[in-house]
2 protein chains.
Amino acid sequence: MKKEMKQVKTKPAVDPSTEEKIKNAARIIFHKKGFSATRTRDIAEEAGINLALLNYYFRSKEKLFDIIMLETLQGFLLSLLPALNIESTSLEKKIEAIAGNYIDLLTAEPDIPLFIMSELKANPNELLGKMGIKEVLMRSHFIKQFQQGIKEGKIVPMNPLHFMMNLMGLTVFPFIASPMMKGLGNLTDKEYNELMQQRKLLIPTWMKAILKAK
Amino acid sequence: MKKEMKQVKTKPAVDPSTEEKIKNAARIIFHKKGFSATRTRDIAEEAGINLALLNYYFRSKEKLFDIIMLETLQGFLLSLLPALNIESTSLEKKIEAIAGNYIDLLTAEPDIPLFIMSELKANPNELLGKMGIKEVLMRSHFIKQFQQGIKEGKIVPMNPLHFMMNLMGLTVFPFIASPMMKGLGNLTDKEYNELMQQRKLLIPTWMKAILKAK
DNA sequence: GTCTATAACGTGATAGAC
DNA sequence: GTCTATCACGTTATAGAC
């Protein structure tokens, strides 16, 4: 019996609502600094609004964070699904699509992986369970092709989790470790991004080799 | 002209000094929660001492953190060196040693990688430069063997950084992503550790395949 | 809805007795 | 060296005017 009605936004892209402005600011700051290190004042400043408005719209720092966390995790995991479930493409093509998509996504938003891993560990919640991502992933066409390949002797038998860890490790880890890697290699951001672009082609090659390695 | 003298510890193992107790507690809490999320009160409680003593010995939370950070980073990176510089072993054997060492280290202290990556990013300092690890790594026998392999046509030409990222990605990433992977795979800690143990043998096989992949 | 001012609380650090 | 008590400050959240 709620009486409030969602306000109709006439030009959401040109003139984002205050709520949107706060969420966008929160996303940026939370991703960059994590929950504990961000102050609500930072978010308010980034959004160009007053601190009180944040609590007016979202009641608390934690509630705002939960929203950002959920959206971020969904964006990260669900971006996999389209590639995973196209029945017409080979396993190799799917690997190519996943690596390419992730590298593009993370080049644009490099803070996401470390944010997710840190906050998921700090707050072992049931988010992953609620999202039902596990079931979707494990029943995907991608996994079916993988197991079919094993059955046909084209792929060396291996726990699918190893396979997922390898693909993610090769793709996502360089973004998590970029401060260290840039430091060890004396690389500028531009040079590092070029390495990442190279990996779009390299990772599928490597993954193919891994599938046959024994 | 310092007049203070280091106190002689008669039984450091049995009866650690207060300073040691605080450092050990700080290491545990900082590794688990990172700088921002840990409160000095947590450290004091973990150490079984009073909060005031922490400031008496280390002056500030930040100074204590810097010590832990330096020691942790050294422990993580320098643990590589012995394996890297043995001239009598093959590249394959070195990969085996590195993967095995890291998996053992991180099974015992799984918080270390996420701690290092997070804090290195939050505070882009010159620690890595100061440690001189870059030079040591790039001039190691390990890298020489790698480049020799390329010259002899036994290894597909590849930026050494890709090689390092791959080895670290396959080895270290599963520890960084363990909350997510355990969630996706519905695994207990014990089952996850078994997967990690399997990887001691699998990673060298995969890395060997990667070196030849084209 | 948006602001200013302030309350309520948590945290790092110190004073001072022992 | 170690403790209790307390300060000083920053931060989240709210009250209340507009």
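As the structure is a prediction and not an experimental result, all values here were calculated from the model. In the text below, chain A, chain B and the rest are named by the order of the sequence lines, each starting its count at 1.
- Residues satisfying the salt bridge (charged side-chain N to carboxylate O under 4.0 Å, His left out) test with Asp42(B), not counting sequence neighbours, are Lys33(B), Arg39(B).
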Let me have the donor-acceptor pairs involving side chains of residues 58-65 of chain A, under 3.5 Å, with sequence neighbours excluded, atom names and distances please.
unit_1   : atom_1 : unit_2   : atom_2 : d
Ser60(A) : OG     : Glu62(A) : N      : 3.4
Ser60(A) : OG     : Lys63(A) : N      : 3.1
Lys61(A) : NZ     : Phe35(A) : O      : 3.0
Lys61(A) : NZ     : Thr38(A) : O      : 2.9

Atom pairs and distances, side-chain donor-acceptor, residues 67-76 of chain B, under 3.5 Å, sequence neighbours left out:
unit_1   : atom_1 : unit_2   : atom_2 : d
Glu71(B) : OE1    : Arg27(B) : NH2    : 2.8
Glu71(B) : OE2    : Lys23(B) : NZ     : 2.6
Thr72(B) : OG1    : His31(B) : NE2    : 2.8
Thr72(B) : OG1    : Ile68(B) : O      : 2.7

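- Between the CD atom of Glu45(A) and the C1' atom of dT11(D) there is a distance of 15 Å, given to the nearest Å.
- Taking atom NZ of residue Lys21(A) and atom C1' of nucleotide dC3(C), one finds them 14 Å apart after rounding to whole Å.
- Under the side-chain hydrogen bond (donor to acceptor under 3.5 Å, both in side chains) criterion, Gln147(B) pairs with no residue at all, not counting sequence neighbours.
- Every residue meeting the side-chain hydrogen bond (donor to acceptor under 3.5 Å, both in side chains) condition with Asp111(B), not counting sequence neighbours, appears here in chain and number order: Lys121(A).
- One interatomic measurement links the two molecules: CD1 of Ile49(A) to P of dA13(D), which rounds to 13 Å at whole-angstrom precision.
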Seminar exercise, completed: Expected string for nucleotides 12-17 of chain C under the B/S/- scheme (protein heavy atoms, under 4.0 Å, primed atoms plus P, OP1, OP2 as sugar-phosphate) is BBBB--

